[in-house]
Amino acid sequence: MESNQEPILTQDAPTLHQDRDAIFQLLESYDFSDPEFQAGIRSIVGPLQQTGASMDQILETQQRAKVFYFSSKTGHAVSYEEYVEWRGRNRDSAQPTNGQSGGDPIQHDLANVRNKTTTDAATTEPYPASFDSIVELITTGQTDKIPGIKDIPLKINEEEPTAPTLKKPPKPWEKVGAREEEEEESH
Amino acid sequence: MIPPSPPVSRCRTQGFAGYNLAWSPFFENKLAVASSANYGLVGNGRLHIMSLGPGAVAPSPGLMVEKMFDTQDGLYDLAWSEAHENQIVTASGDGSIKLWDVALNDHPIRNWAEHTREVFSVDWNNIKKEIFASSSWDCSVKVWHPERKTSLTTIQSHTACVYACAFSPHNPDLLATGSGDGHLRLFDLRQPPTTGVGGGGAVAPPTLEPVATLPVGGEVLCLDWNKYRPLTVATGSTDRGVKVWDLRNAIGGVGKTLSTSLPGRGQMPVAALLGHEYAVRKVAFSPHSANLLASASYDMTARVWDVDAGVQGMASGMPAVGGSGAMRRVYDAHTEFVVGIGWSLFHEGLVASTAWDCETHLWGAMG
């Protein structure tokens, strides 16, 4: 895995492109489902999420990673700040891209993953869904689009719980002569 | 370094990322895995009860899922009862704690909902076998009795997420915690709660204060007690370090109850084991050897360390780094974050690990 990640870190400064709008549109429709990006984003966002970072922080980190990855892969130099600014300017005038035509990249990712699940299941057993697309659906409040979540209402078991019947075996360190040093305290 | 080798046995938890595992204290071939769908970000949880098939350890133990229990929210941790062979407690992303009777099906036998955020750690007391502890992102630590409707004690003195809590294997009243504020703390449950002074001079409600507070570095994600050396604790943290602490150096006095530490005493680890490339998510001391410690990390590996080699390195002014002799094994057969690890209590040297690759592996600590 180390060798795969090297190129991202050591990429030379990409060349500047003139048509900024086209580049940003390219970025918006870029397919981030390739394994290299997915592995990278998991290793960045995973620990963040595990240590209680806010969803805003996670979303920003994820967007920054996408911009960085896109720049490295395509050679189109784009900064995160520039992209955010462009997004802000274009949000108002942008056509609502419901459904197929423009293509919501997240839905695209999920669709890819689903297709992959059905076609490759026998050989590779892919992940249940892309980590990145799950994060994006959460951060954009679309958790209802995440497949396969079951509703399991809390219910206390009506069966009679079992009674303990076994005496617990001593732990290895509780066996006679196992103690390496005398205990500090007695109890 | 020892070259990679395949696991002795592996078991898939399809669609569910492993979060932690626990070996039964009663049955030599049984373990349980707490897991979450969608990497624990959103969605359901599943408790897996696994067993090693006939033939025990060699040549093919055949680890397999015996039973499953599904939950609304992801499961992050679990602990077997030390008093009842069928009971197991789980920690959930929705703040709930559930008690299961694994001889029954489908539903838990108890549910507690006192924590207001993710419960990240549960630990059963090995000596006072009727109590267990929980720690949460809501900054609180609680002590429970399976037959009580509410918690017995709540510790409110943390100001950040508490990722880990564990009772001493030698003294039932000592509880260690690891927190997002970068500190390892030791609590003596025999002490009376103290009334602290909160921000702006307001009087805070009484709560238990730690008898020792040690700066670990990074965020402390996990800890475990040495089973043979009283008051020796290992921590794993986001600074990639596995560190070993002798708490005897950090606490003020050992009387009927422990008194608060003197500032600056015992604030250095006795060993710092370096080698993991990302945050260390779990540490576990061997139940059979005083010097062996296993660790699991976001770098997708699990490692086994000889703590004594690390201590010697520290004493000579050189923290142990990979290759210096403290690292005994790198287990790299997982393909995602390794987040749970545990030593068999009955088969010496057998380790189980669970990971976000939806697999639980069994392997030998010495290769």
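Given the structure is predicted, the values throughout are model-derived calculations rather than measurements. Each chain gets a letter, A, B and so on, in the order its sequence line appears, and its residues count up from 1.
In this structure, the side chain of B/N44 does not engage the main chain of A/I149 through any donor-acceptor pair within 3.5 Å. In this structure a side-chain-to-backbone donor-acceptor pair under 3.5 Å is present from B/D101 to A/T162. In terms of modelled atom types and a separation under 3.5 Å, the side chain of B/E85 and the main chain of A/K167 share no donor-acceptor contact.
Evaluation of the ring pair (Phe, Tyr, Trp, His ring centres under 6.0 Å) rule for B/H84 yields no partner, not counting sequence neighbours. With sequence neighbours excluded, the residues satisfying side chain to side chain contact (heavy atoms under 4.5 Å, CB included) with B/D224 are B/K227, B/V283, B/A284, B/F285. Residues forming a side chain to side chain contact (heavy atoms under 4.5 Å, CB included) with A/K171 (at least two apart in sequence, or on another chain): A/K168, A/W173, A/E174, B/P25, B/E82, B/N126, B/L345.
The residue among B/D73, B/V102, B/D173, B/I109 with the most heavy atom pairs within less than 4.5 Å of chain A is B/I109.
Using a 4.5 Å heavy-atom cut-off against chain B, the contacting residues of residues 151-158 of chain A are A/D151, A/I152, A/P153, A/L154, A/K155, A/I156, A/N157.
Shown here for A/P172 and B/P287, the closest heavy-atom pair between the two residues is CB-O, 3.1 Å. Across every non-hydrogen atom of B/F26 and A/L166, the tightest pair is CE2-O, 3.7 Å.
Proximity to chain A (any heavy atom under 4.5 Å) is shown, for B/A17, by neither the backbone nor the side chain.
Heavy atoms of other residues, nucleotides or ligands lying less than 6.0 angstrom from CD of A/E82 number more than 12.
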